[in-house]
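Read the structure below first, then the notes.
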Amino acid sequence: MAGAALWLVTAALVPGGGASAKDLVIHAGRFIDGTGAAPRQKVSILVTDDRITAIQPGFVTPAGAEVVELADKTVLPGLIDTHDHITAGWHAGDPIRNTVTRSDFEDAIEATLFTRNTLLAGFTSVRDCGANTQVVVALKKSIEGGVVPGPRMWVAGAALGPTGGHGDPVNGLRAEFADIPHIADNVIDSPESARLAVRQLKREGVDLIKIMPSGGVMSIGDDPRHQLMTDEEIKAVIDTAHALGMKVAAHAHGKEAIDHTIALGVDSIEHGSYADAGSYKLFKQYGTYLVPTMLVGERVYQRAKEHPEQLNPSTAEKALQIAPLLRRNLHDAYAAGVKIAFGTDTFGLSKHGENAQEFALLVGAGMTPMDAIRTATGNAADLLGSAEVGTLQAGRYADIIAVDGDPLADVKALENVGFVMKGGAVVKSGGKPLI
């Protein structure tokens, strides 16, 4: 096993390694494929280079194949977090001071640790929903080129929103900060500026667009219940992004922003706090995903109760209101049959690598463990628009994890991933990192 792991890590992470084709077989004691199908016992997963080539019943060993023995483990697809901020880390103290003293270079360097920790936690793919565009695109390219280890990344770059809305970096600061060149390049206040911003982001290398049609929690002064982008601005973003082959994720707490943005064609609603029965009908009518972000809600709620001084002005009050709504909303949306994808909104209130703590919150709000797992596998891949990740099937990337125990009996088993393979490369085995 050690020899196979070393070869696979070297072949996958060293650019231009030039290694010949390598065959591998994984013996999975319990097999969950990510489609929602019932688990199977004693299954063999055949891998050549970075792809799954076959799934076979029983433990088979093709001639010449290296064997990875996971007969006493539960084997699943690599997990997907569809709402991450992998370049961001929480820094205790005054958040406004951090905003005006920390540089994007510091964030970029720290992010190389965050990507490694996320991958080792079993998250082999992430959708980054808002970051400095140059930093996050460069990080994605560095992972693809084998420069640094990390998950596959779908990145939005700078999130787009209106003056004074969630995402306006000048909120709460002196007016002079608005005159600093490029500090608020992501602010849009007309359909024309929205179209231009989307096209520029596409040119800079993003995979999707993130918009802020409602107020938020972590921002200063805005109200999560209010729709702050006009319908015309929202439509301009969505139409332009879709014309360029990109999906759109919408940060939306208030019902008006949720309902209007769904009807205008958005692909996912992030948070969705004030959604109601009418909203759920729209989710189902348009096939829109809900990404409920339970973990960040719980963590900001704790911070607001215990250390409100470590939050932006007005944030603590909003956090105490929103967290209970997130739990209620997920319960009701799930009961109504809304499509749900896994997303943590990790940016440092929880650590990068703790993403799997979201599962227990999903189950606690009423989801079955299998459906919770599906949010981070098949459903998440569907939201990404990828037919290459998310499920264990022939032709897909060999992104595979294993845990002790049965996550269908105790979903917290997913918080301790002992084996991680990304694209045929074993990066963690026996609970020990190989990168």
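By convention here, the first residue in the shown sequence is residue 1. All of these numbers come straight from a predicted model, not from anything done at the bench.
Residues passing the ring pair (Phe, Tyr, Trp, His ring centres under 6.0 Å) test with His27, sequence neighbours excluded: Phe59.
The side chain to side chain contact (heavy atoms under 4.5 Å, CB included) test with Asp128 singles out one residue from Asp81, Leu208, Val136, Val137, and that residue is Val136. Under the side chain to side chain donor-acceptor pair (under 3.5 Å) test applied with Glu298, the options Gln357, Arg303, Arg327 reduce to a single match, Arg327. If you run salt bridge (charged side-chain N to carboxylate O under 4.0 Å, His left out) between Asp399 and each of Arg51, Arg152, Lys422, only Arg152 comes through.
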Please output the side-chain donor-acceptor pairs of residues 403-415 that fall under 3.5 Å, not counting sequence neighbours, one pair per line with the distance.
residue: Asp404; atom: OD1; partner: Lys73; partner atom: NZ; Å: 2.4
residue: Asp406; atom: OD1; partner: Leu408; partner atom: N; Å: 2.9
residue: Asp410; atom: OD1; partner: Lys412; partner atom: N; Å: 3.1

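Within the 3.5 Å criterion, the main-chain N or O of Arg299 finds no donor-acceptor partner in the side chain of Gln302.
The closest side-chain donor-acceptor pair between Thr391 and Arg396 falls under 3.5 angstrom. A donor atom on one side chain and an acceptor atom on the other are not found under 3.5 Å apart for Thr315 and Glu317. Inspection of the Tyr274 and Asn329 side chains reveals no N or O donor paired with an N or O acceptor under 3.5 Å.
The aromatic rings of His85 and His83 sit perpendicular to each other, their planes meeting at more than 60°, with 30° as the lower class boundary. Aromatic ring orientation, His253 versus His271: parallel (interplanar angle below 30°, classes split at 30° and 60°).
Within the structure, every pair that satisfies the side-chain hydrogen bond (donor to acceptor under 3.5 Å, both in side chains) test and touches residues 206-215, not counting sequence neighbours, is listed here: Lys140-Asp207.
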